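First the structure, in the form of structure tokens, and then the observations on it.
Values reported hereafter were calculated over all heavy atoms of this structure, with side chains retained and with hydrogens, waters and symmetry mates removed. Protein chains get the first letters and strands the later ones, always in sequence-line order, with residue 1 at the start of each. All figures in this text were calculated on a predicted structure; none of them were measured in a lab.
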Protein chains: 2
Amino acid sequence: MSYKDKKVITIGVVSELTGLSERKIRYYEERKLIYPDRSKGGTRKYSFVDVERLIDIANKMEDGMQTFEIRKQEQKLMKKQEVREKMLRGQLNAAFNIRK
Amino acid sequence: MSYKDKKVITIGVVSELTGLSERKIRYYEERKLIYPDRSKGGTRKYSFVDVERLIDIANKMEDGMQTFEIRKQEQKLMKKQEVREKMLRGQLNAAFNIRK
DNA sequence: CGTGTAAGGAATTCTGACACG
DNA sequence: CGTGTAAGGAATTCTGACACG
């Protein structure tokens, strides 16, 4: 896991980096679009990947997409990716005749 | 400038990442070994490069080095690097006969 | 010199709610 | 539905100082 995935950024900085209000950022979490870590005290910690994701979300919101649509779209992409990986693994196994 | 150089991490997280006390981290800044940014409110913001540097400093402290020695050692390395770059630039200019 | 700690205050973040639409 | 805001409290950070060595 690289630095991009480390959850170390507080919401104030994320707000500056993305231009989104803290309110919006918390709301997108409530709508299951983003999953920050928490410190013991309860303060949210984000990664740079989260920041990129928030910018992506902001663009889609601007395009008039609703939060549940963004979430569904994301799930579809996940599924596609899974299928792709399964197929790839199957082909690899067949090619090299790997079992287990 | 990559994510590694972005000053976005608060001192509490840096303390966790490095294992150093906040006191030590602030002290190394006082001794000119590290240069965090500040938010408008005055809270320190560090980058992952700073975190790496702090770990490096911690190792040298463990080896019994004093803060001014670490600072001097660093300056020497900087100077070496400068000389190296000047020489390289000189050679390039000579080779391609570039002026200005 | 390097670091811990208690002290008081300021900046930051959190949650739940009301508002508007 | 998405977002702003005021409210009260809790977590986080800041500085300057005293202590020890």
Query raised in the report: More 5' along DNA chain D: A:Thr43 or A:Glu22, using each one's nearest nucleotide?
Result: A:Glu22
**Report entry** Most 5' of A:Gly41 and A:Phe68 on DNA chain D, judged by nearest nucleotide
**Finding:** A:Phe68
Between [X] and [N], is there a contact of a side-chain N or O with OP1 or OP2 at under 4.0 Å?
| X | N | value |
| --- | --- | --- |
| B:Tyr28 | C:dG2 | no |
| A:Thr10 | D:dT12 | no |
| B:Ser21 | C:dG4 | yes |
| A:Arg44 | C:dT13 | no |
| A:Tyr27 | D:dT3 | no |

Using atom [atom1] of [X] as one end and atom [atom2] of [N] as the other, report the distance to the nearest whole Å.
| X | N | atom1 | atom2 | result |
| --- | --- | --- | --- | --- |
| B:Arg26 | D:dT15 | CZ | P | 7 Å |
| B:Arg31 | C:dG2 | CZ | P | 5 Å |
| A:Ile57 | D:dT3 | CD1 | P | 11 Å |
| B:Arg38 | C:dA10 | CZ | C1' | 13 Å |
| B:Glu29 | C:dT3 | CD | P | 15 Å |
| B:Glu30 | D:dG16 | CD | C1' | 11 Å |
| A:Ile11 | D:dT12 | CD1 | P | 14 Å |
| A:Ile25 | C:dT15 | CD1 | P | 14 Å |

Query raised in the report: Taking the side chain of A:Lys24 as its heavy atoms from C-beta onward, which of D:dT3, D:dG2, C:dG2 lies nearest to it?
Result: D:dT3
Query raised in the report: Given B:Thr18, which of B:Asp50, B:Ile25, B:Ile57 fulfils the side-chain contact (heavy atoms from CB on, under 4.5 Å) condition?
Result: B:Ile25
So does [X] pair up with [Y], basic N to acidic O under 4.0 Å?
| X | Y | value |
| --- | --- | --- |
| A:Lys86 | A:Glu82 | no |
| B:Glu69 | B:Lys76 | no |
| B:Arg31 | B:Glu74 | no |

Query raised in the report: Considering Watson-Crick and G-U wobble pairs with both distances under 3.5 Å, what does C:dT5 pair with?
Result: D:dA17
**Report entry** Base-pairing mate for D:dT12 - Watson-Crick or G-U, with both contacts under 3.5 Å
**Finding:** C:dA10
Report summary line: Closest non-hydrogen atoms of B:Tyr28 and B:Leu54, given as atom of the first, atom of the second and distance, are CD1-CD2, 3.9 Å
**Report entry** A:Glu52 versus B:Tyr3, side-chain donor and acceptor atoms under 3.5 Å
**Finding:** yes
Query raised in the report: In terms of side-chain heavy atoms, does A:Arg23 have a donor or acceptor partner in A:Tyr27 at a distance below 3.5 Å?
Result: no
Close N/O contacts between protein and nucleotides 5-9 of chain C (under 3.5 Å):
unit_1: C:dT5; atom_1: O4; unit_2: B:Arg23; atom_2: NE; d: 3.3

**Report entry** Chi angles and distances behind the side-chain contact (heavy atoms from CB on, under 4.5 Å) call for A:Thr10, A:Arg44
**Finding:** CA-CA 6 Å; A:Thr10 52; A:Arg44 275 167 264 249; over 6 Å; no
Query raised in the report: Does B:Met65 or A:Tyr46 map to a spot on DNA chain C nearer the 5' end, using the closest nucleotide for each?
Result: B:Met65
